[in-house]
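The basis for the numbers below is simple: all heavy atoms, side chains too, and nothing from hydrogens, waters or symmetry mates. Each chain gets a letter, A, B and so on, in the order the sequences are listed, and its residues count up from 1.
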Amino acid sequence: MEYNAKTIEKQWQEYWVQNRSFEPSEDFSREKKYILSMFPFPSGRLHMGHVRNYTLSDAFARYYRQQDFNVLHPIGFDSFGMPAENAAIKNGSHPKKWTYDNIDYMKGEFKSLGFSFSKERELATSDELYTKFEQGFIIDMYEKGLLYRKKGFLNWCPSCHTVLANEQVIEGSCWRCDTGVVKKDMNQYYFKITKYADELLDDLHKLENGWPKQVLTMQENWIGKSNGLEFQLRFDDDSLAKLEKKFDGFDVFTTRPDTIYGVSYAALAPEHEIVTYMIENSLLDNETVIKIKEMKNASSIDRQKEKSGISLNLNVTHPLTNKKVPLWVANFVLMDYGSGAVMAVPAHDERDFDFAKKYDLPINAVIKPFESELESSKAYTETGELFNSEIFSGLNSKEAQSKIIDYFQEKKIGKRTTNYRLKDWGVSRQRYWGAPIPFVHCDSCGIVMEKKENLPIALPDDIEITGEGNPLEKHQTWKHCKCPKCGEDAIRETDTMDTFVESSWYFLRFCASPKNWEKEAFSKEQIKYWMGVDHYIGGIEHAILHLLYARFFTKVFRDLGYLEFDEPFEKLLTQGMVLKDGAKMSKSKGNTVDPDAIIEKYGADTARLFILFAAPPTQELEWNDSAVEGAYKFLKRFYDRSSHVNKISTIPQIEHATLSKEEKFARKKVYEALARAEDVYTQKYTFNTMIAGVMEAMNALNLQSNEKVWSEGYWVLTSIMEPVIPHICWEISSRCFSLKNLTPQSVLEEVFVEESIILGVSINGKSRCEIEVAPDASKESILEAAKEKAQKWLEGKTLVKEILVPKKLVNLVIKD
RNA sequence: GCGGAUGUGGUGAAAUUGGUAUACACGCCAGACUUAGGAUCUGGUGCCGUAAGGUGUGGAGGUUCAAGUCCUCUCAUCCGCACCA
């Protein structure tokens, strides 16, 4: 029989649409599985990474459907974002048209790959309905104080007149025009994600069994919790006078309070408010001001190259010794961590040491190793024994840390504090193609939330996109409105939201029944049934931001009363990248493979089979044209051999004992494959080994010609393979089994019963020969057989030990 | 620097609790059928060796009757974070 992928695939794709085969049921009494793959940005065409992602989720979804679960396997498009605007700048196409044209094309690609997505729940985050509910949530969060507006230092491209996200700054320059990026002080909206820092960190433990360790660690490091001492460094009298008593001092944070007696200077970030005050009030000479401005304006790369600083000619007093400590501005002190100021202990911190060497500041050692001498040529950053530390001398670092913190707390001059690397999430973008932030600026009322009944605040279509500045701000009429509170003329907020906001709750929206799509974002009942996501599959590149933000939204929604759980994704599978010629596929490298071309040449089943067979999902996948060809050959053979199968509608009953050796072996291989498949879908996700098992079974079936064994084999194998290569399996199954075999299959234990078993015989751990014994042979008889067979190696030696590992091997230990 | 991961044939990769290393596939070699083959089928294929045998999971040690698997050290590659006080 000739395998014609195109015909078969078209036919079943139509069948599935007409039969609504992949729509979840609203019967909430059934057991459910929620299988989700990270939705794509509608860039135009699918790439192989997408194909890998959705082939994986599709395999899970189809498997659980076979197992009679109510399966939700939705898809959507993360459709706001910069590329749509960039396309507009480049080709003059409207972002909306560009986006929705791409979506249409990609939906066609999904269909041609046979992905079993629910059609009725498809959405795009740029849909006005989606914006409407999102803006509602934003208002809720603003009311709860979880969204606020403040000035912040942002990456600003002076040429594009826009704020850039950190990821858009490439080596200190704008990713698009290569202009040097500067920091600009601007008003921005922030989500108060830091309020949840502790919970986001602690709850990682709840995910230990379902998430890759790597992702958990990355999130842990990103949150970056550290414990230590916070205290105030106070100015001495002269310095207070110089500062016109505007500042008493400033806070510093340290994780090493045990080194406090080694403090020999203190340093402020160039952006620190005291520094700003001194510049604004001409308290510094010109040279110093120029130096500080240089530090501020340096790109982050330059700033890291070499430590530099300048003295402020001010002194603070050491909190314990009351000695004078000089105050400097230093480029290595970061404004956005801790308080933007540090106590410096050059003897025990590498940065402080480098700086002290450069500017000839004192280096006072106060910690020494327990069992060796202190070297003065570098900073000793380990823990050790304290000295020159008054009453704390002689203590070890660990004890000293808590005692010194206690001492500060007793004296009320400092306190135990926790610091986080995680910062509040800046969400406003000066961009057109995003969800508008639903606020208005009113001269008399300030920032006012839009009324929920006025939502969505939709984007205007008639805009001009030039790449410079924010098109919404330049629009003549859109931003003018009435204040929802006082009714006077007001101005709409023209900032739009970061696209990560949309992807932080889309998995909840999918739970909503399309019947109520217009009415509500989702209902508590629907969420309760479908969530959490049983398998979430996507790229490792989202290990931090997307997954952290989605976890944050889940906790916020819980606190807003919309749902009742803490974590959205129970099991996370992070797939490896798709490579060609050893490098990630990318247009710029010219090493891409177009999925459409593969489907055209071989069909979707070949692409899916290759992708799942070539490597386990978490590993990188190296594209290999001849291995694709190999997958295609297997499908041809698989299709061709189905001519050995009888048309039946129940699995054949076979009298195992009456079969030939080859027939028995074939059945054993078939059921081995089935047993392995169960494990793969539910535990290990190593589809490559499952497919190998099926190939072994096929090879074994080929060695015999019993029609019943063939039929039984195909009954089982097409069931195992349907999630991987659905079209060909539905075709064979409908022709031979009236689709009756795409159901749970049970492993027949009887086929594993062996008439004899083969044991390896090794001498001193080295395998030498084999023996064949009856399964119930006694230990003595097995050892006897082994010794007889291995006689050759035993001659002239002394046998010192005999080990029998049941069903595996015999090891004979000998001596000369 | 800190954290995480990975190292097995020519290639992608297998290997329950430690128990005959290299399943399955690609590639290669040989043969069959063919006007032809980039189709199909059959057989072979870790390395050295005619063979017996030796050797072999990045490297060096160790534990064990037995180590790809456990322990110690080390090298290499990849990924994430990074002047985080």
- With the threshold set at 4.0 Å, does a side-chain nitrogen-carboxylate oxygen contact exist between A/K225 and A/E220? no
- Nearest-nucleotide check on RNA chain B, A/L812 vs A/G630; residue mapping nearer the 5' end is A/G630
- Message: Across nucleotides 48-58 of chain B, 5' to 3', mark each nucleotide with B, S or - according to how protein heavy atoms within less than 4.0 Å reach it.
- Response: ----SSSS---
- Just checking, A/R421 and A/W222: is the charged tip under 6.0 Å from the six-membered ring centre and within 45° of the axis? yes
- Message: Taking A/K636 first and then A/E2, would you say they form a salt bridge - that is, a charged N and a carboxylate O separated by under 4.0 Å?
- Response: no
- Readout for nucleotides 15-21 of chain B: B = base within 4.0 Å of protein heavy atom, S = sugar-phosphate only, - = neither; 5' to 3' it is --B-BBS
- Query: Between B/G46 and B/U20, how far is it from one C1' atom to the other, in whole Å?
  - Reply: 16 Å
- Message: Could you check whether A/E294 pairs with A/K291 (Lys NZ or Arg NE/NH1/NH2 to Asp/Glu carboxylate O, under 4.0 Å)?
- Response: no
- Query: Does the pair A/R256/A/D349 count as a salt bridge with the N-to-O cut at 4.0 Å?
  - Reply: no
- Query: Do NZ/NE/NH1/NH2 and the carboxylate oxygens of A/E754 and A/K668 come within less than 4.0 Å?
  - Reply: yes
- Ion pair A/E620/A/K584, N-O distance below 4.0 Å: no
- Atom P, compared across B/C79 and B/G68: separation rounded to whole Å: 30 Å
- What distance, rounded to whole Å, do you find between the two C1' atoms, one in B/C2 and one in B/A14? 34 Å
- Item | Interatomic distance at C1', B/U57 relative to B/C47, whole Å | 13 Å
